[in-house]
Amino acid sequence: MFRSHLRRHPLRGAAIALVLALGTACGSGTAEPENPTVTGNWVGTGVAYGAVEDWLLRMKESPDGTVTGTFSLRVERLVFSGTVSGIHTFPSISLDLDMNVFGNIVNATYQGQVISADSIAGTYQRFDDPAQTLDLDRQGT
């Protein structure tokens, strides 16, 4: 009975073939999310005035894209710390970094692009200094 049904509706076989082709074109289902979150620990190395700077940012992103957290910045034997606040509207991320430098609160900004779930490319700027490159990589999972 099934064979006779297909003979009466020749387009049905073509429709089934199209559905199968579209299903395999969608991939294995392991693609990363369309809008990855920045929640997690991020590390990066920058250079300012010839000194290597090691950054660690601990960020949490809320569903509306608001980002909060803390960070530390190591320059040789000195370590500074502060708070992170900003917004992530994929792929752009814009952060305000407020750090304590010898008892004074110093503001910096970070502007970047989320490249993947594990990579952010961007620049930061303190004071009136020129912008410095700071690419971040997710630390751990």
Side-chain angles (χ1 to χ4, degrees), residues 1-3 5-141:
M1 178 165 169
F2 181 71
R3 282 187 183 162
H5 186 68
L6 281 178
R7 285 186 197 141
R8 285 184 280 168
H9 301 287
L11 293 179
R12 184 169 287 191
I16 291 171
L18 179 62
V19 169
L20 291 174
L22 290 174
T24 58
C26 292
S28 65
T30 59
E32 64 185 54
E34 184 176 325
N35 299 319
T37 178
V38 298
T39 295
N41 296 327
W42 296 83
V43 295
T45 301
V47 177
Y49 301 107
V52 175
E53 300 178 332
D54 294 316
W55 290 79
L56 169 61
L57 286 80
R58 292 181 173 94
M59 298 189 286
K60 180 172 177 144
E61 181 178 346
S62 63
D64 68 357
T66 301
V67 178
T68 58
T70 61
F71 73 94
S72 63
L73 164 63
R74 176 182 290 278
V75 182
E76 296 180 5
R77 288 188 266 157
L78 300 173
V79 177
F80 304 99
S81 61
T83 59
V84 174
S85 62
I87 191 80
H88 172 218
T89 305
F90 184 79
S92 298
I93 184 166
S94 179
L95 303 173
D96 291 318
L97 309 170
D98 296 325
M99 69 182 110
N100 186 333
V101 179
F102 306 118
N104 296 309
I105 300 298
V106 175
N107 304 98
T109 58
Y110 182 85
Q111 301 294 322
Q113 297 287 314
V114 176
I115 304 301
S116 72
D118 296 321
S119 180
I120 301 172
T123 60
Y124 71 96
Q125 186 169 13
R126 290 185 303 243
F127 316 108
D128 292 326
D129 298 339
Q132 304 293 326
T133 298
L134 179 61
D135 296 334
L136 301 170
D137 296 309
R138 188 179 298 275
Q139 184 180 46
T141 55

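The minimum heavy-atom distance between Phe90 and Val114, with the atom names listed, is CE1-O, 3.9 Å. Closest heavy-atom contact between Met99 and Ala108: CE-CB, 4.3 Å. Considering every non-hydrogen atom in both Val47 and Gln132, the closest pair reads O-OE1, 2.8 Å. The two residues Ala117 and Pro36 make their nearest non-hydrogen contact at CA-CB, 3.7 Å. Annotation for Asp129 and Tyr49: closest pair OD1-OH, 2.7 Å, computed over non-hydrogen atoms. Val79 and Ser72 make their closest contact through CG1-CB, 4.5 Å (heavy atoms, listed as atom of the first residue, atom of the second, distance).
The stretch residues 87-99 participates, sequence neighbours left out, in these side chain to side chain donor-acceptor pair (under 3.5 Å) pairs: Glu61-His88, Ser92-Gln113, Ser94-Gln111, Asp98-Asn107. Listed by first and then second residue, the salt bridge (Lys or Arg N to Asp or Glu O under 4.0 Å) pairs involving residues 38-55 are Glu53-Arg126 (not counting sequence neighbours). Applying the salt bridge (Lys or Arg N to Asp or Glu O under 4.0 Å) definition to pairs two or more places apart or across chains, none involves residues 64-84.
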Apply side-chain contact (heavy atoms from CB on, under 4.5 Å) to residues Tyr124 and Leu73 and explain how you reach the verdict. CA-CA 12 Å; Tyr124 71 96; Leu73 164 63; 6.0 Å; no
For Tyr110 and Leu136, run side-chain contact (heavy atoms from CB on, under 4.5 Å): C-alpha distance rounded to whole Å, both residues' side-chain angles, the deciding distance at 0.1 Å, then the answer. CA-CA 11 Å; Tyr110 182 85; Leu136 301 170; 3.9 Å; yes
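Under the rule for a side chain to side chain donor-acceptor pair (under 3.5 Å), Asn104 has no partner lying at least two apart in sequence or in another chain. For Phe102, the ring-ring contact (aromatic ring centres under 6.0 Å, His included) criterion is met by Phe80, not counting sequence neighbours. With sequence neighbours excluded, no residue forms a side chain to side chain donor-acceptor pair (under 3.5 Å) with Thr133.
A distance-only check finds a donor-acceptor pair linking the side chain of Arg138 to the backbone of Thr39 [under 3.5 Å]. Panel note: side chain Asp137, backbone Trp42; no donor-acceptor pair is recorded below 3.5 Å.
At least one side-chain heavy atom of Leu57 sits under 4.5 Å from a side-chain heavy atom of Leu95. In this structure, the side chains of Ile87 and Thr66 come closer than 4.5 Å at one or more pairs of heavy atoms.
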